[in-house]
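Contents: one structure, followed by commentary.
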Amino acid sequence: MSAAPEYPPVFCMGNPLLDLQVRDGEKLLEKYGLKSNDAILAEEKHMPIYDELVKDYEVTYVAGGAAQNAARAAAYVLPPKHVVYVGAVGDDQLADQLRAANDKEGVESAYQVHSGEKTGACAVVITGHDRSLCTTLAAAEKFEQSHLQKPEIKAYLDNAKFFYIGGFFLTHGIESALDVAKVASGKGKVVALNLSAPFIPQFFKVQLEQLLPYVDILIGNESEAEAYAAGQGMADSSIAQIASAIANLPKSNASRPRLVVITQGSESTLVASSSASLSKCNIHPEEPNPKTYPVPKLTDEQIVDTNGAGDAFAGGFLAAHALGKTLNECVEVGHKMGQMCVGQVGPAFKFPKISV
Ligand code: 26A
């Protein structure tokens with residue numbers, strides 16, 4: 001991969017959001033009926049939370065949006081100009097802040113801008129090591145398929161080799177996700193999808209099932225895997241069984257195995273493959289499949305908050321894969337980026353950069 005390619009090889013798509021993050025939010029969880037470690041779409045009853053945060057709490061404003069976090073993590077690992085991110089924003093200060101974070105961290109923002117709309121926001125309520133995410137998508141859910149047809153976006157799509165779609169995007173954008181994934185997969189390119197939150201496999205099961213045949217790398221955590229299993233009548237299955245089952249679902253591009261990568265916070269990460277092989281980024285035929293990878297331990301003092309840690313893992317994993325690293329190296333880079341993110345406020349990384 002050349003240092004500054006004409007077009008970025010990594011294309012990410014999701015909901016661009018600005019995170020409004022607060023600590024010690026126990027009262028907020030109670031008041032708005034939020035679970036301490038969850039991600040939801042705000043309902044009518046949650047809407048006052050954004051004003052309340054600004055009025056009564058010390059808010060840290062930080063670039064968010066799950067796939068955008070992964071894009072910034074990937075850019076951290078890759079040489080300059082290797083990552084482009086697509087999603088819809090408004091024409092407001094929130095969008096300016098997101099663009100500035102992407103510029104600083106080496107992600108090209110290829111936003112669809114909806115004038116007169118607000119950019120999406122996520123209330124991030126931290127309690128201990130848990131984070132509760134409550135999102136109003138606003139402009140993000142106005143993303144239109146036509147954006148992908150614009151010549152400048154088509155050029156990104158035609159030239160990218162690795163595609164990353166946020167599972168959260170399936171709440172509104174299955175047609176666009178299918179557009180991207182079908183074409184990419186048909187050309188033998190790599191398509192990665194993040195499950196994003198338990199409510200995606202739970203309530204957007206149909207959309208997920210439509211997209212999965214085109215997915216080469218599925219990334220998620222243990223509660224998302226369990227939510228998937230519950231929807232498939234596999235509620236009593238272990239994480240290993242669930243990961244293997246997903247890996248072996250029908251796949252459009254049969255020339256590439258499907259990898260299912262399940263993180264479990266500070267517990268081991270698990271990777272299942274539809275078929276072991278000698279190829280670099282896969283499980284070796286003599287190794288166990290699924291294979292588990294211990295996570296380096298962090299002390300309590302090293303943990304600032306866990307917002308974005310899973311996205312950082314995913315971005316690191318994909319970037320290492322784009323660099324032609326082995327599966328073991330991809331998981332290792334994922335762990336390093338996840339842990340780096342846990343040591344910062346919000347979905348953020350260390351600057352000046354350290355090598356990973
Ligand atoms: C559709 N929803 C609910 C969402 C999100 C989301 N990103 C896209 N769509 N809800 C929360 N997030 C982002 O997840 C990151 C942590 O993984 C937050 O913005 C946060 O940065």
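Ligands are counted one by one from 1 in listed order, and the atoms in each one are counted from 1 as well.
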- Task: Evaluate the side-chain contact (heavy atoms from CB on, under 4.5 Å) criterion for residues Lys31 and Leu28: first the C-alpha distance (whole Å), next the side-chain angles of each, then the deciding distance (0.1 Å), finally the verdict.
- Result: CA-CA 5 Å; Lys31 177 164 178 191; Leu28 284 167; 5.6 Å; no
Next on the checklist: Quick one, Gln344 and Val62 - any side-chain contact, counting heavy atoms below 4.5 Å?
Outcome noted: no
query = Are Tyr293 and His335 an aromatic pair by the rule of ring centers under 6.0 Å?
reply = no
*asked:* Check the orientation of His321 and Phe317. Use parallel for under 30°, tilted for 30 to 60°, and perpendicular for over 60°.
replied: tilted
* How are the rings of Tyr111 and Tyr85 set to each other: parallel, tilted or perpendicular (split at 30° and 60°)? -> perpendicular
For ligand 1, protein residues within the heavy-atom limit of under 4.0 Å are Asn15, Leu17, Asp19, Ile40, Leu41, Gly64, Gly65, Ala66, Asn69, Cys122, Leu133, Thr135, Leu137, Phe168, Asn307, Gly308, Asp311, Pro347
Distance col, row Tyr32:OH vs Leu29:CG, nearest 0.5 angstrom, shows 11.5 Å
